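Take a look at the structure set out below.
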Amino acid sequence: MPINLPIYFDNAATTRCDPRVVEAMLPYFTEKFGNPGSRNHKFGWDSEEAVDIARGQIADLIGSSPKEIVFTSGSTEANNLAIKGAAEMYAKKPEGETGRGHIISAIHEHKAVIDPVKRLEKRGFDVTMLTPGADGLITAAMVKDAMRDDTILCSIMWANNELGTINEVPQIGKVVRDAGAVMHTDATQWVGKMPTNVVEDNIDLLSLSGHKMYGPKGVGALYVRRRRPRIRLVAQIEGGGQERGYRSGTLNVPGIVGLGMACEICSKEMDSERERLLKMRQRLESTLADSIDVTQINGHADKRLPHVTNISFGFVEGEGLMMAVKNIACSSGSACTSASLEPSYVLKALGVGDDLAHSSLRLSLGRFNTEEEVDFAIGNIQEAVRKLRELSPLFDMHNEGIDISTIEWATH
Amino acid sequence: MPINLPIYFDNAATTRCDPRVVEAMLPYFTEKFGNPGSRNHKFGWDSEEAVDIARGQIADLIGSSPKEIVFTSGSTEANNLAIKGAAEMYAKKPEGETGRGHIISAIHEHKAVIDPVKRLEKRGFDVTMLTPGADGLITAAMVKDAMRDDTILCSIMWANNELGTINEVPQIGKVVRDAGAVMHTDATQWVGKMPTNVVEDNIDLLSLSGHKMYGPKGVGALYVRRRRPRIRLVAQIEGGGQERGYRSGTLNVPGIVGLGMACEICSKEMDSERERLLKMRQRLESTLADSIDVTQINGHADKRLPHVTNISFGFVEGEGLMMAVKNIACSSGSACTSASLEPSYVLKALGVGDDLAHSSLRLSLGRFNTEEEVDFAIGNIQEAVRKLRELSPLFDMHNEGIDISTIEWATH
Amino acid sequence: MAYSEKVIDHYDNPRNVGNFGTTSECKTDSTVGVGVVGAPECGDVMQLQIKVNPETHVIEDAKFKCFGCGSAIASSSLATEWIKNQTIDEAEKLRNTEIVEELALPPVKIHCSVLAEDSIKAAIRDYKAKNGIAIEETAHSH
Amino acid sequence: MAYSEKVIDHYDNPRNVGNFGTTSECKTDSTVGVGVVGAPECGDVMQLQIKVNPETHVIEDAKFKCFGCGSAIASSSLATEWIKNQTIDEAEKLRNTEIVEELALPPVKIHCSVLAEDSIKAAIRDYKAKNGIAIEETAHSH
Ligand SMILES: Cc1ncc(COP(=O)(O)O)c(C=O)c1O
Ligand SMILES: Cc1ncc(COP(=O)(O)O)c(C=O)c1O
């Protein structure tokens, strides 16, 4: 099979929409284009039916009831709704006061969790941001230690977007729910790739996004538990009363149909895909680590998504490296933050040194990647690292036996 | 030309996506599927470029700069961001206090304006909800009378979704801006159909939505003025910092491309389309009014969108009527609220009697409607009204000379 | 949510539309009972008339008119069919839930069936009043 | 945002990569000036070396090494080209804005050009210090 260049190894940033998903969506643009809110004609009924089917497909993937699915424009919105919506609903004191309740999250969450949590801190809630271990994990024990009498909400992502590391979400959920607080998980990178059951996994609120699982951009969902206990939220986007009042606005019918189909495909193909991707990633990691010295795979060795790897190559800078591997589309730091010049705050959270934090590549494989592409990428990366180390003053120092960390840099 | 049934006359609820729009979107699902936030590879650059082009197409349609466009999931979100975002930014007092500033809106706005305004009222802002005249209009004089020293925000829709009536937005904008307050307009029904220039029309914030102008559902935009003065907003969906920090979340690239193309088509075809639709609507209205007695066209006779009509037929109930005209997809009350049994709050705001408020049809024409369809619809409606009046006890009473409004009803 | 087939059938071919004369004729005819329930501002007015055999108290004919949605029209149409040839005591026992079931009405339309039940009761009450028959208030079943 | 063609050219074919000996050799060679600026934790380290004719103070050769992004590599590569065959006084006048313009650097990459300017200055300062030439502090142009 010929390889199309550039190879796309940035599936954690976004995925190619599966052609089967696009096909499912198409009729809903120009034929069945009704507003599901139109209760009095066939165009409306057809759209409503399509939305109901999609609700079922999503529910099937995560083990919920279709009634527990609230459609959003993506995970960022779902996270905002879950975190702000729950905090406002379960606040212990009214606006303008302090001590409104305690919230637990972690420093290496996605910004779409961190920023809402920070906002709540300004609005009178107390916040504990956990620091992960050097392996990148948040454990149930860490959460248990952080729990207080007034803890109302815990938001811990299931799998980290830069590392692929997997937190102890089901166990954390147990701790949190046993204490009567609300458990939210940003499962954007997890759902569709790993088996999920919101009931067994002790989750009250779960965010997911279409474009991370071969569905369309601009559509996602929040699972909102309806039983034992019924979780309630203060709506963040109001007016119209769609989605049981939790999220107003005309439903994005083609997007929702696409998300539904994406979920159905994931349900069916997840198991075989996971295995295939794990093998590919393992080969990628072991070949690179064996052939290039001073490399480091960031995050826990095993408790990681099968398709994501984050590798630091000493003495070469990540952005420069990406330019050298121009036939591989990947990212250094997460796509969402790579506009900034800061080294990844996620790697820093793990205690990865600043130099290695600047030297990392995230390679995230996906449904449409092949073994040939992995082989090509290995060669490309080996060559790029070699070339950049030739250019690197740090590599010279290393070879001369100078310990870089002892140098006093004339920082600019 | 053969007529496909049912005829779609509910273009104010949502429109068929223009096939040219769908075609423009398609490559962005499976080929150019990158995340515009991916700054380091071609997939990201291609997406970013597409988003920039769309920004320009939208800006061209409304006379703004591309930098002033903030993408959202639709008008509901745009309204929430504009209203809550501006109120929080320009609040005169901190959270938890009262007297935080005065906001002006109107009782027959869309719920996506009313609900956020009501929320702000609970959060310590003072609110004046204007009542329109019997013609449905909000005038600059009404707004001027309502202005206070502490008025921070005025939100008046440009064209009403149930009536098509056009408020004096440019004049209102002048009053509001001269007083140093922020002018927001929900232009969901207006933009793409009527000429718009945010500079000349004195607008600071303007909401628009793709699916009302032959673009996709699930995407919209908020125009946010950047100069004279620069309007600032508190973000409502946070995390990631996209859209200059005003709206985080991975951009819905295909949706945005579709919205851009929809705007470009509207820019080009608006003038001829407006004329064509106005003629069709006029024939519809005059034929029905001439052939059926006790009918009433709701809202101002001329200051109305060319393609929307809202007609009450005495003695027949709207929902029953829609069932009788089953070959015409239209709405009674607005699509967004027709799940409820209340008569339209918009018609009530105009002082339309409860009986006639229950007897209204909204017919909204669009790009894909033909004259043949209008003729067919006229016949269909005439027949339906005749049939239902035969069934109507109120029509009997009317014919017996009984004044229905004097009867004491044994209300349930 | 589309309408059930039975609703559509009654709506398209309403049974027993009409009345037993003008308003004033009906008022004076002691064999006719008239029930008008609902109100225009609530979006439903149902008028049900029964023609009763004064000997047997059997409803020999029934007619309706209805200002309302499809479900309201179907409910009243169905009601006229069901009560025909019943005694007024039997007709009084008709419960709105039976209409809901027969027409597969969704929750938002249950009030239509209630109106139909109420209109039967009101017509019977009118007939009884005209003929000096004692009226017991029955509780709603809903 | 894609890279400009000139950045790509310098990145793909960097000019004058290398150094004039090991770190300690350079330290003792009075005809060599070494400037190392930036820091690994900032994501850029630029090393610029100049070989100066002690009679004329003309930079006869220049070499660089760079740990950094493509723009940083291109900026330092370009700098070595430009300062070759200039006197140290001329080289000192090079402004980062010229590099920005030549390479069409976007705003987020301007710091790369600043580093390049700084590395030239640092190398010249090193050369001057080794040769007892007075050093005036020049203000940054940015
Ligand atoms: C873990 C995580 N949470 C949230 C998001 C944001 O999701 P969306 O792009 O659907 O808003 C992302 C990706 O961007 C993510 O990786
Ligand atoms: C006037 C008006 N504002 C807001 C909206 C909501 O827009 P959207 O469906 O894009 O959220 C609508 C339509 O539903 C509308 O007609």
Side-chain angles (χ1 to χ4, degrees), chain A residues 6 8 10 13-14 16-17 19 22 29-30 33-35 37-44 73-74 76-77 79-80 94-97 110-116 119 123 211 216-219 236-241 248-255 319 322 329-332 335-336 338-339, chain B residues 6 8 10 13-14 16-17 19 22 29-30 33-35 37-44 73-74 76-77 79-80 94-97 110-116 119 123 211 216-219 236-241 248-255 319 322 329-332 335-336 338-339:
Chain A
Y8 191 73
D10 208 4
T14 192
R16 180 180 172 215
C17 204
V22 182
F29 288 108
T30 53
F33 57 82
N35 187 328
S38 294
R39 289 293 155 89
N40 286 296
H41 53 69
K42 186 165 160 48
F43 295 92
S73 63
T76 300
E77 187 194 331
N79 286 343
N80 274 263
E95 260 171 45
E97 300 197 22
H110 192 273
K111 293 279 187 200
V113 165
I114 293 177
D115 287 0
R119 168 78 53 185
R123 291 196 170 150
H211 74 100
K217 292 180 176 56
V219 63
Q236 302 293 308
I237 297 184
E238 302 166 282
S248 292
T250 299
L251 288 171
N252 174 1
V253 181
E319 217 182 314
M322 275 197 293
C330 58
S331 73
S332 179
C336 307
S338 61
Chain B
Y8 191 73
D10 209 4
T14 192
R16 180 181 172 213
C17 204
V22 181
F29 288 108
T30 53
F33 58 82
N35 188 328
S38 293
R39 289 294 156 89
N40 286 299
H41 55 68
K42 189 166 158 45
F43 294 92
S73 63
T76 300
E77 188 194 331
N79 287 344
N80 274 265
E95 258 170 49
E97 298 196 22
H110 193 273
K111 294 280 187 198
V113 165
I114 293 177
D115 288 359
R119 167 80 51 188
R123 291 197 170 151
H211 73 99
K217 292 178 176 57
V219 62
Q236 302 293 307
I237 297 185
E238 304 166 280
S248 294
T250 300
L251 289 172
N252 174 0
V253 181
E319 217 183 312
M322 276 198 292
C330 59
S331 74
S332 177
C336 307
S338 61

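Here the structure is a predicted model, which is why all the values come from computation and not from measurement.
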With rounding to the nearest 0.5 angstrom, report the [atom1] to [atom2] distance, [X] to [Y].
X: A:D10; Y: B:N40; atom1: CG; atom2: CG; answer: 9.0 Å
X: A:H41; Y: B:Y8; atom1: NE2; atom2: OH; answer: 5.0 Å
X: A:N35; Y: B:H211; atom1: CG; atom2: NE2; answer: 6.0 Å

Checklist entry - Quick one: which of B:V253, B:V219, B:L251 gives a side chain to side chain contact (heavy atoms under 4.5 Å, CB included) with A:K217? => result B:V253
Out of [options], which one racks up the most heavy-atom pairs below 4.5 Å with chain B?
options: A:P254, A:S248, A:P216, A:A112; value: A:A112
options: A:G34, A:G241, A:G255; value: A:G34
options: A:V22, A:N79, A:D115, A:V113; value: A:D115
options: A:K42, A:E97, A:M322; value: A:M322

Checklist entry - Contact part of B:Q236 toward chain A, heavy-atom cut-off under 4.5 Å: side chain, backbone, both or neither? => result backbone
Next on the checklist: Taking side chain as everything from C-beta outward and backbone as N, CA, C, O, which of these in A:I114 sits under 4.5 Å from a heavy atom of chain B? Side chain, backbone, both or neither.
Outcome noted: neither
Checklist entry - Does any heavy atom of chain B fall under 4.5 Å from the side chain of A:N80, the backbone, both, or neither of them? => result side chain
Checklist entry - Between B:F29 and A:F29, how do the two ring planes meet: parallel, tilted or perpendicular, split at 30° and 60°? => result tilted
